[in-house]
Number of protein chains: 2
Amino acid sequence: MAEKTQQTEDLIKETAMRLFFQKGHINATTQEIADEAGVNRALIHYYFRSRDLLFEKVLHETLGATREKIDYIFSSQDTLYNKISRFIDIFIDQNIDYPYLENFLVTEMVKNPDKVKELHPVEEKREKLRRILEEQIQEEIASGRIEPISIEHFMVNLMSLCNYPLIAKPMVQNFFGYDEVGYKKFLLERRNVVLQTMFKQPNFSENIK
Amino acid sequence: MAEKTQQTEDLIKETAMRLFFQKGHINATTQEIADEAGVNRALIHYYFRSRDLLFEKVLHETLGATREKIDYIFSSQDTLYNKISRFIDIFIDQNIDYPYLENFLVTEMVKNPDKVKELHPVEEKREKLRRILEEQIQEEIASGRIEPISIEHFMVNLMSLCNYPLIAKPMVQNFFGYDEVGYKKFLLERRNVVLQTMFKQPNFSENIK
DNA sequence: AAAATGTTTAACAATTTTGTTAACGCAAAG
DNA sequence: CTTTGCGTTAACAAAATTGTTAAACATTTT
């Protein structure tokens, strides 16, 4: 029973994730989600009470998982170069799985600006990570491996280079005439492109972990 | 009469643009648009037949205007550095006016993938611009001002660095604690950050047009 | 196996949203 | 002055969508 419950509940969640984040069908109705999952529409209300609550749950779980991975990376003792390298991997992987997550996120945040805050880590943790990162960036700047830049711009650069190509998939595809295979290849190339763009000269001594 | 017609039609279009692109209210209903514009809802159908056609018109006009500007820049005889510099200005300016345009674009494209093609320039023009750009990039690579990179990644880098900060406004704002003023300041700073990130060392001789 | 508990379904109700239409008002043309 | 045509409005109709409920079904517990 608890098994079947979990089965159906997960099925609905996974289907919603697929529709929202993979297919970009942000306005998917409860009926569409139910059809796609092959369950009765009322079950969505049975398990999640309302469409909005389903949204919220799916969103929080997905972001929570990502955040954990990122916190783990930036809390580690690794070099900045390696941290960034790992960050890129995670973001590009996630974006290959859920190309429309970012886009969806923004749309949702505009609807409910209050909920933005819940999605971010607690102040102390953020501050701690910020200090570590700040220090490492200053080191890199001092040794000339990156140009002088604020931590804000550095992070926004990083996120931009990783995320935008996924968000803008239809445009990039059409603009350069990529089919699905070509586009995936392009995405995988970005791993190195982003690293190269963030660090003026790849530092091989640091690259060896 | 033709005047009043144009007045109301433009008023509706401008209001729709404001709601869609400025406020990010992508799912604005015809009623909301009408209320915001202070006109009767039926007028939207009178002038545009359906909500979808209003969408389409507003979208095409906005993109058309942007595309013209970009084509103009890249068709010019300017140096690559200056072209990029002007490109950044236009994109950041447009994004300050219409922060949610990109986001909206993606959402719409996902709904109607067929319409993506209409939004892009004709093949010949695209090819011509591509050849010019390719040549200039190769020159810059040869003279060491930018690292070896394909035209596709170069352009995607550029668009990412300009557009993402706008798309992700709510996240960036919250993450770094920017209010509206602080965020706008951050955006204006990006002009130089993007240039610096795209070109390993700013080339001052070229910078003087 | 009867009761209890939890899951699923179909039918219904309520709401929201879009699209249509007939009538009204007004300005220009005849 | 009245007729014509366009812009506007309110009221109506239709469709889509969400949420609720009572009954059917399945399972576990006693």
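Values below: every heavy atom of this structure, side chains too, minus hydrogens, waters and symmetry copies. Letters go in sequence order (proteins before strands), and every chain restarts at 1.
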Worksheet item: Please give, in whole Å, the distance from D/dT17 C1' to A/Phe55 CZ?
Response: 13 Å
Item to complete: Rounded off to whole Å, could you give me the CD1-to-C1' distance for the B/Ile12 and C/dT18 pair?
Response: 15 Å
Response to the item:
In numerical order, the residues of residues 28-36 of chain A whose heavy atoms come under 4.0 Å of DNA chain D are A/Thr29, A/Thr30
Practice prompt. Return the value, rounded to whole Å, for the distance between atom CZ of B/Arg51 and atom C1' of C/dT18.
Written response: 9 Å
Worksheet item: How about A/Glu135 and A/Glu140: do any of their side-chain heavy atoms sit closer than 4.5 Å?
Response: no
Find every protein N or O atom lying less than 3.5 Å from an N or O atom of nucleotides 9-13 of chain D, and list the pairs.
from: D/dT9; atom 1: OP2; to: B/Asn40; atom 2: N; distance (Å): 3.4
from: D/dA10; atom 1: OP2; to: B/Asn40; atom 2: ND2; distance (Å): 3.3

Response to the item:
B/Ile44 CD1 to C/dT20 C1', in whole Å, measures 15 Å
Worksheet item: Residues two or more places apart in sequence or in another chain: which of them pass side chain to side chain contact (heavy atoms under 4.5 Å, CB included) with A/Ile73?
Response: A/Lys83, A/Arg86, A/Ile90
Worksheet item: What pairs of residues pass the salt bridge (Lys or Arg N to Asp or Glu O under 4.0 Å) test when at least one of them lies in residues 161-182 of chain B, not counting sequence neighbours?
Response: B/Lys169-B/Glu180
Give me the distances for all protein-to-nucleotides 22-26 of chain C N/O pairs that come in under 3.5 Å?
none

Worksheet item: How would you list, by chain and number, every residue that makes a salt bridge (charged side-chain N to carboxylate O under 4.0 Å, His left out) with B/Glu134, sequence neighbours excluded?
Response: B/Arg130
Worksheet item: Residues two or more places apart in sequence or in another chain: which of them pass side chain to side chain contact (heavy atoms under 4.5 Å, CB included) with A/Glu36?
Response: A/Thr15, A/Arg18, A/Leu19, A/Lys23
Practice prompt. Under the salt bridge (charged side-chain N to carboxylate O under 4.0 Å, His left out) rule, collect the residues that match up with A/Asp89, sequence neighbours excluded.
Written response: A/Arg191
Item to complete: Output all residues satisfying salt bridge (charged side-chain N to carboxylate O under 4.0 Å, His left out) with B/Glu68, sequence neighbours left out; order by chain, then residue number.
Response: none
Worksheet item: If you check the B/His45 side chain, which of D/dT8, C/dT18, D/dT20 turns out closest?
Response: C/dT18
Worksheet item: For C/dT8, does either OP1 or OP2 sit under 4.0 Å from a side-chain N or O belonging to A/Thr8?
Response: yes
Worksheet entry | salt bridge (charged side-chain N to carboxylate O under 4.0 Å, His left out) partners for B/Arg41, two or more places apart | none
Worksheet item: Can you check the A/Asn27 CG to C/dT17 C1' distance for me, whole Å?
Response: 13 Å
Worksheet item: Would you call the rings of B/Phe91 and B/Phe87 parallel, tilted or perpendicular if under 30° counts as parallel and over 60° as perpendicular?
Response: parallel
Discussion item. According to side chain to side chain contact (heavy atoms under 4.5 Å, CB included), who are the partners of A/Leu53, at least two apart in sequence or on a separate chain?
Written reply: A/Arg49, A/Ser50, A/Glu56
Worksheet item: Roughly, in whole Å, what's the span from CZ in A/Arg49 to C1' in D/dT21?
Response: 15 Å
Worksheet, complete the sentence: Sorted by chain and number, sequence neighbours left out, side chain to side chain contact (heavy atoms under 4.5 Å, CB included) with A/Glu189 holds for A/Lys185, A/Phe186, B/His153
